[in-house]
Amino acid sequence: MKRVVPLEQAKDDTIFGSKAVGLGQAIRDGLPVPPGVALSGAIVEAVAAGEKPAIREVIKWAGPLGSPLAVRSSAMDEDGAAASFAGQHLTLLNVPSVDELSFALSKIWWSANSDSAITYRQRVGLFTRPSVGVVVQVLLNPETAGVMFTKNPVSGADERLIEASWGLGEAVVAGIVIPDHFRVDRSGRVLERKPGLKRIAVRGVPGGGTIEESVAPELVERLCLDDGELDQLNQLAGRCEHVYGLGRDIEWAIAGGTLYLLQCRAITK
């Protein structure tokens with residue numbers, strides 16, 4: 001079945017994959033998710049094969065989102081507690097327009113069928129051929145972004161662990177910077193604030209893709225989250241746990257003063 005639907009209508013993970021369905025549920029429950037569309041595994045494969053009707057269908061649905069776009073994989077068994085596939089399936093940030101979507105989708109499909117991704121699947125006990133849906137969303141231009149664990153993944157303590165840096169969250173996820181480190185208890189009390197070394201910010205460029213931009217010297221060790229933003233993140237953690245359950249690994253961004261949820265998955269064992 002070759003389908004594209006608004007993200008909030010993605011309900012079947014066998015068609016659209018776990019990430020799309022999870023974000024669709026988040027939107028239906030009122031969580032702050034950037035607008036987007038969900039592509040089924042079948043239509044992504046058709047686009048990767050160069051089928052013109054599939055390419056036209058994707059452009060028709062994604063066009064109203066405008067540009068630039070964030071394009072992320074959403075495999076059926078992705079983002080689970082046993083296997084997150086973090087780093088295995090490609091994410092393409094700052095795709096400049098829908099005209100470049102076909103190429104972006106092909107790259108994501110091939111990443112899911114690469115030797116390393118197949119080896120990872122086998123290592124976690126998955127031997128079926130991957131069905132790779134895709135999430136296409138408006139790309140934010142955040143002041144600050146990062147990750148948050150609703151339970152401390154190192155100590156197991158019942159507290160929020162937050163890591164943050166300037167610009168796109170790729171700087172944190174890819175280990176490009178030493179991020180600011182925060183611990184917050186469930187009541188919102190800040191337990192720890194530890195400045196990082198944030199010499200680089202990842203930002204989008206007009207022609208597409210991203211660059212690593214030098215951060216102004218006075219911002220390198222300045223905390224990039226204030227207490228009000230930490231309180232918003234703690235509230236988001238609680239809302240995510242209410243929707244998805246305990247023990248969540250969250251990617252987030254603050255753009256134009258508004259906090260957005262980019263991804264929420266189980267903390268991988």
- Minimal heavy-atom distance between Arg28 and Val21, with the atoms involved, is NH2-O, 4.4 Å

- Message: With a 3.5 Å distance limit and no angle check, can you tell me whether Tyr244 reaches the backbone of Gly22 through a side-chain donor-acceptor pair?
- Response: yes

- Query: Taking Ser73 for the side chain and Ala75 for the main chain, is one N or O donor matched with an acceptor at less than 3.5 Å?
  - Reply: no

- Query: Could you go step by step and tell me if Val58 and Ile55 meet the side-chain contact (heavy atoms from CB on, under 4.5 Å) rule?
  - Reply: CA-CA 5 Å; Val58 168; Ile55 294 171; 5.9 Å; no

- Message: Go through it in stages, so that I can follow the logic: the residues are Leu7 and Ile27, the test is side-chain contact (heavy atoms from CB on, under 4.5 Å), and I'd like the CA-CA distance, side-chain angles, deciding distance and then a yes or no.
- Response: CA-CA 8 Å; Leu7 198 47; Ile27 294 172; 3.9 Å; yes

- Item | Verify same cluster id: Leu65, Trp61 (apolar side-chain graph, 4.5 Å) | yes

- Query: Are any of the side-chain nitrogens in Glu213 or Arg203 under 4.0 Å away from the carboxylate oxygens of its partner?
  - Reply: yes

- Message: Using modelled atom types and a 3.5 Å cut-off, is there a donor and acceptor pairing between side-chain atoms of Ser97 and backbone atoms of Asp99?
- Response: yes

- Message: Between Asp227 and Arg193, is the salt bridge (Lys or Arg N to Asp or Glu O under 4.0 Å) condition met? List the steps.
- Response: CA-CA 10 Å; Asp227 284 0; Arg193 301 177 182 85; 2.8 Å; yes

- Query: Do the side chain of Asn234 and the main chain of Arg186 share a donor and acceptor less than 3.5 angstrom apart?
  - Reply: yes

- Verify, without hydrogens or angle tests, whether Lys19 (side chain) and Arg265 (backbone) share a donor-acceptor contact under 3.5 angstrom. no

- Task: State, to 0.1 Å, how close Arg222 and Asp180 come at their nearest heavy-atom pair, and which atoms those are.
- Result: O-OD2, 3.6 Å

- Query: Is there a side-chain contact between Glu251 and Leu261, using heavy atoms and a 4.5 Å cut-off?
  - Reply: no

- If we only count heavy atoms from C-beta on, is the Glu45 to Trp109 side-chain gap below 4.5 Å? yes

- Query: Between Leu92 and Val44, is there a shared hydrophobic cluster once you connect ILVMFWY residues whose side-chain heavy atoms come closer than 4.5 Å?
  - Reply: yes

- Ser106 and Val47: which non-hydrogen atoms are nearest, and at how many Å? OG-O, 3.9 Å

- Do the side chains of Leu161 and Ile250 join up, straight or via other hydrophobic residues, at under 4.5 Å, putting them in one cluster? no

- Examine distances only and state if a side-chain atom of Arg160 and a backbone atom of Thr150 form a donor-acceptor pair shorter than 3.5 Å. yes

- Message: Minimum heavy-atom separation for Leu223 and Trp166, please, with both atom names.
- Response: O-CH2, 4.2 Å

- Shared hydrophobic cluster for Val95 and Ile43 (ILVMFWY, side-chain gaps under 4.5 Å): yes

- Show the numbers, then the answer: is there a side-chain contact (heavy atoms from CB on, under 4.5 Å) between Val135 and Leu23? CA-CA 9 Å; Val135 173; Leu23 289 173; 4.2 Å; yes

- Message: Please evaluate residues Val33 and Gln137 with respect to the criterion side-chain contact (heavy atoms from CB on, under 4.5 Å), reporting the C-alpha separation (whole Å), side-chain torsions for both, the decisive distance (0.1 Å), and the verdict.
- Response: CA-CA 9 Å; Val33 176; Gln137 290 175 284; 3.5 Å; yes

- Should we count CG of Asn141 as having more than 12 external heavy atoms under 6.0 Å? no

- Item | Side-chain (Ser40) to main-chain (Arg3) donor-acceptor, under 3.5 angstrom | yes

- Message: Using side-chain heavy atoms (C-beta onward) and a distance below 4.5 Å, is Cys240 in contact with Cys264?
- Response: yes

- Does Leu262 share a hydrophobic cluster with Val202, counting links as ILVMFWY side-chain heavy atoms below 4.5 Å and allowing steps through other members? no

- Does atom CZ of Arg199 have more than 12 heavy-atom neighbours, drawn from other residues, nucleotides or ligands, at distances under 6.0 Å? no

- Measure the spacing between NZ of Lys198 and CD1 of Ile178 and express it to the nearest 0.5 Å. 10.0 Å

- Query: Does a side-chain heavy-atom distance below 4.5 Å link Val71 with Leu105?
  - Reply: yes

- In plain terms, say whether Lys151 and Asp249 are close enough for a salt bridge, that is, a side-chain N and a carboxylate O under 4.0 Å apart. no

- To the nearest 0.5 Å, how far apart are CZ in Phe16 and CG in Leu39? 8.5 Å

- Message: Closer than 3.5 angstrom, by distance alone: can the side chain of Asp185 be matched with the main-chain N or O of Ser187 as a donor-acceptor pair?
- Response: yes

- Taking the side chain as C-beta and beyond, is there a heavy-atom pair between Leu233 and Leu225 under 4.5 Å? yes

- Query: OG/Ser165 to CG/Leu219 distance, rounded to the nearest 0.5 angstrom?
  - Reply: 10.0 Å

- Task: Over all heavy atoms of both residues, which pair between Ser67 and Pro96 is shortest? Give the atoms and the distance, please.
- Result: CB-O, 2.9 Å

- Spell out, as yes or no, whether a donor-acceptor pair under 3.5 Å connects the side chain of Glu143 to the backbone of Gly256. yes

- Nearest 0.5 Å, what's the NZ-CD distance between Lys60 and Glu57? 4.0 Å

- Item | Gap separating the CD atom of Glu192 from the CD1 atom of Ile162, nearest 0.5 angstrom | 11.5 Å

- Query: Are Val205 and Thr210 side-chain neighbours, meaning at least one heavy-atom pair lies under 4.5 Å?
  - Reply: no

- Item | Within-4.5 Å side-chain heavy-atom neighbours: Val37 and Val5 | no

- Taking atom CD1 of Ile254 and atom CG of Leu140, what is their separation to the nearest 0.5 Å? 11.0 Å

- Task: Answer yes or no: is there a donor N or O on one side and an acceptor on the other, between the side chain of Asn152 and the main chain of Glu159, under 3.5 Å?
- Result: no

- Item | pair Val220-Leu197: side-chain heavy atoms closer than 4.5 Å | yes

- Task: Considering non-hydrogen atoms only, spot the tightest contact between Ile267 and Pro153 and give its length.
- Result: CG2-CB, 4.4 Å

